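Keep in mind that this is a model prediction, so the values were computed, not measured. Note that ligands are numbered from 1 as they come in the structure, with each ligand's atoms numbered from 1 the same way.
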Amino acid sequence: MGSYRIRQGRTLAGDFAAPGDKSITHRAYLFGAIASGVTAVLDANDGEDCEHSLAAAEMLGALVQRDETSLRIGGRDLRMRAPDGPIECGNSGTTMRLLAGILAGQEFDSSLTGDESLSRRPMARIMAPLRLMGAGISAREDRLPPLSITGGPLTGIAYESPVASAQVATCVLLAALTAAGETRVVLPGPARDHTERMLPLFGAALQIQTFANGGRAVTVQGGTRLRGTSLRIPGDLSAASFLLAAAASAPGAEVTVMGVNTNPTRSGLLDVLQAMGAQVSHARPRVECGEPVADVTVRGPEKLRAFDVPTEWVPRLIDEAPAWIIAATAAEGTSRLTGASELRVKESDRIVALARNLAAVGAPVRELPDGLEVTGAPVRGAHIEAHRDHRIVMAFAALGCRTREAMTFDDVSSVATSFPAFFDTLALLGADVEEVA
Ligand code: S3P
């Protein structure tokens, strides 16, 4: 991939399809790999992260057949084949954390590696419960990738995760399938619930208890088997969020994302855009893959209002914090995002990456220990340091829709991890997108 220069073009307008939801695609591939029979997956995310999950499934003996329109996975009914080397997870934390749950209960040893960014991301959060279940698992400094897993018989546990992480819950539930007895995992607060929506489509019975604070407990019986199924993956709201936030920030803009996932555990940014004065409407509501889906239209008002994101909304927009800066810089006044310290352990330290680049584009910004304070101001094109993080590139590229000078980047290749067609889509909606060698 070369690079791109982005500047203001015409007012954003039009319809687009987001790539398949990344979180849901990972689950479809990995659950398909451990199910019995065939799982057909339509409209999967075509980015590199999910390709790592699919390659891992193949390395563990799942049969993958794909042509132009369909992808089919022949699963192994929980008994995976020993891989012939370390499994490379690339930039994908979801791949590594979910695979660890599958591998812990196998009859062989395995190791999981990642790129430079993934090698800095915390793994103790999954190591602790897997060890309690009886798995042998070691890591660099006992907390960082690569991971070495000694597979073996597991025992069900009751586990209260200190972090409200969907990846932790999913890892434990996957390990629980091969464990003896019952496993109950408790999340102390809200987190995305794609696993709980998808496992029943594979025939698994789960018991779910929800708590007043948005947390939940999920229980599964050891020995639960999955049966292959057919899944159509909804569009990814996280990928669409950059384009929707750009539309909200451009007076007169009107942009529709077709067939996007509107799962309430993920839709916090739409609520924020609305609270800031943008018009957000849903059409053709339907259900795909156990998830609510709709065509979502965002219209940009004359002016956005500053808004402090309530901390209880943060888990519902944690991946959209980079997109939030597009609206926050366009609003009248100062907006705050707090209670978001998880941003420091994503593909980059997103609080640092956003604060530095916001300063470069001329937006008044204050870095907080657990978030950011951003004051609306005219922004200018600048050279963006992407910190090898796809969401940092997409946020500042979409911000470039309203700068006269071009937004340029040190490296845009990370966009391929989640939304390979991002720059084409941005151009289609009206931004001035120039490809440079
Ligand atoms: C994901 C869960 C979230 C999210 C990540 C994908 C998932 O992380 O930020 O991009 O697919 O389960 P946590 O597990 O930390 O909640």
Ignoring hydrogens and angles, write down the donor-acceptor pairs under 3.5 Å from the side chains of residues 150-164, residues two or more places apart or on other chains.
residue: Ser161; atom: OG; partner: Val163; partner atom: N; Å: 3.3
residue: Ser161; atom: OG; partner: Val163; partner atom: O; Å: 2.6

Which protein non-hydrogen atom lies closest to [atom], naming both residue and atom, and how far is it?
atom	value
atom 13 (P) of ligand 1	Ser165 OG, 3.4 Å
atom 12 (O) of ligand 1	Arg27 NH2, 2.6 Å
atom 8 (O) of ligand 1	Lys346 NZ, 3.3 Å

Distance-only N or O hit between ligand 1 and [X], under 3.5 Å:
X	answer
Asp319	yes
Gln167	yes
Ser23	yes

Pair Arg344 + Asp370, salt bridge at N-O below 4.0 Å: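 The answer is no: the pair does not qualify as a salt bridge.
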Residue pair Arg121 / Arg97, side-chain heavy-atom distance below 4.5 Å: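 Yes, their side chains come closer than 4.5 Å.
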pair Arg402-Thr329: side-chain heavy atoms closer than 4.5 Å: yes
His194, portion touching ligand 1 at heavy-atom distance under 4.0 Å: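 The answer is neither; His194 stays 4.0 Å or more away.
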All ring pair (Phe, Tyr, Trp, His ring centres under 6.0 Å) counterparts of Phe307, not counting sequence neighbours: Trp313
Those atoms of ligand 1 less than 4.0 Å from some heavy atom in Thr94: 6 (C), 11 (O)
Within-shell test, Arg192 vs ligand 1, heavy atom, strictly < 4.0 Å: yes
Sub-4.0 Å heavy-atom contact, Lys22 with ligand 1: no
Donor-acceptor side-chain pairing of Asn263 and Asp193 below 3.5 angstrom: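 There is such a pair between these side chains.
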Reference residue Ile149; test side chain to side chain contact (heavy atoms under 4.5 Å, CB included); the match among Leu130, Asp109, Ile137: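 In the set Leu130, Asp109, Ile137, the residue that makes a side chain to side chain contact (heavy atoms under 4.5 Å, CB included) with Ile149 is Ile137.
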